[in-house]
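Right, one structure below, let's go through it.
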Amino acid sequence: MMKKYAVIGYPLSHSSSPQIHNSAFSHLNLDARYEKLEIAPNVFSERIAQLKANREWGGFNITIPFKQQIIPFLDDLDRTARAVGAVNTVQITGQGKWIGHNTDVAGFVKPLQQSGFSPETCLLIGAGGAARAILYALLTFFSAEKIVICNRTVSKAHKLQQDFSAVTQSAIEVVDLNKISAYKKGFDLIVNSTSVGMGALKDWQPVELKGLVKENTLVYDLIYNPAQTRLLKQAAELGARILNGWPMLIFQAAESFRIWTGTNFPEPILNRLLQQRAS
Ligand code: ATR
């Protein structure tokens, strides 16, 4: 029987996930299809109940704004999803159980590992759902000495600091967005996890980078559309290395694919996709 997969979110018009997964399914001749399921927030519970009753589904990706809202509907969470508190991948087992995973963590880490980058000091801009996955990734995969979080709403940065401080040796500090430019020592890694730089906010950048960039700094913007945000443009002008969110999108998709199908994402498709939108 053909298995169906989908990304669930709202709105979804710009999602690249169907293209990524359908290319892999057809390369491997798998009887599977991936589609977009836009669900309005006010009918989320009803629609999830309907999807649970239909055994054609093999799994889902979950995106904004449902990465936390999906959790009460799941039968179990893997270790990473539990620690992060957000789910971007649902695996449906042969017995019809819904298991939550978070492949954003692996997706974020992979491009850093590939370049052999191991940051000691990090600036994390933002304190939303994506920031939680990034902070977990930084603490788990790299033994950073210090991580500074800055966010428009400072209370949310403090909450993130509180949630993770107990489980790490790294120092986590919170600095006001408008005071960060006074932080003159610079960072090895600067990550933007906010939506500042895309869509209606494409002409803005979340922080002024002057003074924050030093030799060998990598500025990593999770945004992939546009391929080069204002933040990345300034980073390049200041001589920093830059990375956009496209490789992370591809690697999180590849990891979801492996969870659903038990098969590695095909390497030629992976490489072709990675080359499509390098920064
Ligand atoms: P995601 O799951 O993508 O992280 P989110 O949880 O809604 O989405 O978080 C969005 C992040 O972008 C937050 O850090 C948010 O800052 P606030 O916590 O202050 O809301 C940040 N963000 C969104 N729009 C912003 C703007 N115009 N200026 C600064 N930060 C903004």
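Residues: numbered from 1 along the sequence shown. Counting starts at 1 for both ligands and their atoms, in listed order.
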>> Looking at atom 10 (C) of ligand 1, tell me if a protein heavy atom falls under 4.0 Å from it.
In response: no

> So, does Ser195 sit close enough to ligand 1 that a heavy atom of it is under 4.0 Å from the ligand?
Replying inline: yes

> So which of Tyr34, Tyr5, Trp260 actually passes side chain to side chain donor-acceptor pair (under 3.5 Å) with Asn61?
Replying inline: Tyr34

>> Assess whether a salt bridge exists between Arg82 and Asp76, defined as any Lys/Arg side-chain N lying under 4.0 Å from an Asp/Glu carboxylate O.
In response: yes

> Can you list the ligand 1 atoms lying under 4.0 Å from a non-hydrogen atom of Thr153?
Replying inline: 17 (P), 18 (O), 19 (O), 20 (O)

> Among Leu124, Val196, Leu201, which residue places a heavy atom closest to atom 31 (C) of ligand 1?
Replying inline: Val196

>> Closer than 4.0 Å to some heavy atom of Ala127 - which atoms of ligand 1 meet that?
In response: 14 (O)

> Just one of Ile149, Leu138, Leu135 clears the side-chain contact (heavy atoms from CB on, under 4.5 Å) bar with Phe164, so which one?
Replying inline: Leu135

>> With a 3.5 Å distance limit and no angle check, can you tell me whether Gln234 reaches the backbone of Leu231 through a side-chain donor-acceptor pair?
In response: no

> Is a side-chain donor or acceptor of Lys185 paired with a backbone partner of Thr121 at a separation under 3.5 angstrom?
Replying inline: no

> Can an N or O of Ala130 be found at a distance shorter than 3.5 Å from an N or O of ligand 1?
Replying inline: yes

> Relative to ligand 1, is Ile64 under 4.0 angstrom through side chain, backbone, both or neither, heavy atoms considered?
Replying inline: side chain

> Who's the nearest protein heavy-atom neighbour of atom 6 (O) of ligand 1, and how far?
Replying inline: Gly129 N, 3.0 Å

>> Using a 3.5 Å cut-off on N or O atoms only, is Thr194 in polar contact with ligand 1?
In response: no

> Within the side chain of Arg33, is there an N or O that forms a donor-acceptor pair under 3.5 Å with the backbone of Asn22?
Replying inline: no

>> Only heavy atoms of Lys156, strictly under 4.0 Å: list the atoms of ligand 1 that pass.
In response: 17 (P), 18 (O), 20 (O)

> Quick one: nearest non-hydrogen protein atom to atom 16 (O) of ligand 1, plus distance?
Replying inline: Asn151 OD1, 3.3 Å

>> I'd like to check which ligand 1 atoms, numbered from 1 as shown, lie under 4.0 Å from a non-hydrogen atom of Gly126.
In response: 14 (O)

>> Please tell me if atom 18 (O) of ligand 1 is touched by the protein, where touching means a protein heavy-atom distance below 4.0 Å.
In response: yes

> For atom 26 (C) of ligand 1, which of Gln205, Arg152, Met198 has the closest heavy atom?
Replying inline: Arg152

> Checking Glu208 side chain against Lys210 main chain: does a donor-acceptor pair fall under 3.5 Å?
Replying inline: yes

> Quick one: which of Thr89, Asn88, Asn102 gives a side chain to side chain donor-acceptor pair (under 3.5 Å) with Gln252?
Replying inline: Asn88

>> Donor-acceptor pair, distance only, cut-off 3.5 Å: does the side chain of Ser115 make one with the backbone of Leu112?
In response: yes

